[in-house]
Student: 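The structure that follows is given in the form of structure tokens.
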Amino acid sequence: MTSPAPTPEAASPRAPALSLIFGYGPVLVLPLAALAAWARVPLALLIGQIWGAAILIFLAGVARGLSFFTPGGPHVSQMLTMILRFSLGLVALIAGPLTGFALLILGYASIALTDPWIARWGGAPRHFARLRPPQMVVALIGLIALFLLALG
């Protein structure tokens, strides 16, 4: 059985419009949740924690899905990336707010660091090298704010 052919978007360093929309849209919820928590909207912290964990678990699935397109099969680094993201997201989903947000911060920071490297060696679309760091900064701003709000 042959694997699907790579798309031109996967080889381009330019992020397709849908990657921008579906990349930034979900992570913008995290700073918005922090603003809502700061304004004392009920359940804003909980919603931010659940949302952050759900997106991190989703990104674990993205890492696994991309491994299916790796010539020669999945790399160990792809599997470890998937397991790390899934584990951090799952534990963050059931942990208390401080632990949960700390784990999410770790998970999203790891994406900002690892996805550009993975994209450069061909384990992810090339545009991830430019998309992921600023995308994860948006998420991290929200998560750090939520963590600080959970402290007080």
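Scope of the values below: all heavy atoms of this structure, side chains included, with no hydrogens, waters or symmetry mates.
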Student: If every non-hydrogen atom of R120 is compared with every non-hydrogen atom of A129, which pair is closest and at what distance?
Tutor: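 Shortest heavy-atom separation between R120 and A129 comes out as NH1-CB, 4.1 Å.
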Student: If only atom types and distance count, is the side chain of Q78 paired as donor or acceptor with the main-chain N or O of A63 below 3.5 Å?
Tutor: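 No; judged by distance alone, with no hydrogens or angles, the pair does not exist.
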Student: Can you tell me how far apart CD1 (I118) and OG (S67) are? Round to the nearest 0.5 Å.
Tutor: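 One finds 10.5 Å between CD1 of I118 and OG of S67.
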Student: Should F86 and L56 be marked as a side-chain contact (heavy atoms from CB on, under 4.5 Å) after you check the CA-CA gap, both sets of side-chain angles, and the distance that decides it?
Tutor: CA-CA 7 Å; F86 183 83; L56 188 57; over 6 Å; no
Student: Main chain of G52, side chain of Y108: is a donor-acceptor contact present, judged purely on distance under 3.5 Å?
Tutor: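 Checking the backbone N and O of G52 against the side chain of Y108, a donor-acceptor pair under 3.5 Å is found.
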Student: Checking ring-ring contact (aromatic ring centres under 6.0 Å, His included) between H75 and each of W117, W121, F68, which is the one that passes?
Tutor: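 Answer to the ring-ring contact (aromatic ring centres under 6.0 Å, His included) test with H75 among W117, W121, F68: W121.
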Student: How far apart are the C-alpha atoms of L88 and L104, what are their side-chain angles, what is the distance that settles it, and do they pass the side-chain contact (heavy atoms from CB on, under 4.5 Å) test?
Tutor: CA-CA 7 Å; L88 289 172; L104 292 173; over 6 Å; no
Student: Please check this pair: side chain of W51 against backbone of P26, looking for a donor-acceptor N/O pair closer than 3.5 Å.
Tutor: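 Checking the backbone N and O of P26 against the side chain of W51, a donor-acceptor pair under 3.5 Å is found.
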Student: Quick one: are I57 and R85 in side-chain contact, heavy atoms under 4.5 Å?
Tutor: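 Result no, sub-4.5 Å side-chain heavy-atom pair not found.
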Student: Test D115 against every option in R130, R132, R126 by the salt bridge (charged side-chain N to carboxylate O under 4.0 Å, His left out) rule and name the one that passes.
Tutor: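 Passing option: R132.
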Student: Between atom CD1 of I50 and atom CG of L93, what is the distance when rounded to the nearest 0.5 Å?
Tutor: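 Rounded to the nearest 0.5 Å, the CD1-CG separation comes out at 6.5 Å.
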Student: Can you check whether A44's main-chain N or O pairs, donor with acceptor, with Q49's side chain at less than 3.5 Å?
Tutor: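 No; zero donor-acceptor contacts below 3.5 Å.
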Student: Rounded to the nearest 0.5 Å, how far does CE of M136 lie from CG of L131?
Tutor: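 Those atoms lie 7.5 Å apart.
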Student: In terms of hydrophobic clusters joined by side-chain contacts under 4.5 Å, are L103 and L151 together?
Tutor: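 Looking at the clustering, L151 is in the same group as L103.
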Student: If Ile, Leu, Val, Met, Phe, Trp and Tyr residues are connected whenever their side-chain heavy atoms lie under 4.5 Å apart, and connections chain through other members, are L46 and F101 in the same group?
Tutor: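 Result: no, two separate clusters.
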Student: Any link between L140 and L106 through a network of hydrophobic side chains (Ile, Leu, Val, Met, Phe, Trp, Tyr) touching at under 4.5 Å?
Tutor: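 Yes, L140 connects to L106 through the hydrophobic network.
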Student: So does L84 get a backbone contact from the side chain of S87, meaning a donor-acceptor N/O pair under 3.5 Å?
Tutor: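 A pair under 3.5 Å: no.
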Student: Can you measure from OG1 (T99) to CZ (F147) and round to the nearest 0.5 angstrom?
Tutor: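 T99 OG1 to F147 CZ: 8.5 Å, rounded to 0.5 Å.
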Student: Going from CG on L35 to CG on L149, what distance comes out if it is rounded to the nearest 0.5 angstrom?
Tutor: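 The distance works out to 9.0 Å.
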Student: May I ask whether W38 and L30 are part of the same hydrophobic cluster, defined by side-chain heavy atoms of I, L, V, M, F, W, Y residues being less than 4.5 angstrom apart, directly or through others?
Tutor: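 As far as the 4.5 Å side-chain criterion goes, L30 and W38 are connected within one cluster.
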Student: If every non-hydrogen atom of L146 is compared with every non-hydrogen atom of G48, which pair is closest and at what distance?
Tutor: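 Reported closest heavy-atom pair: CD1-CA, 4.1 Å.
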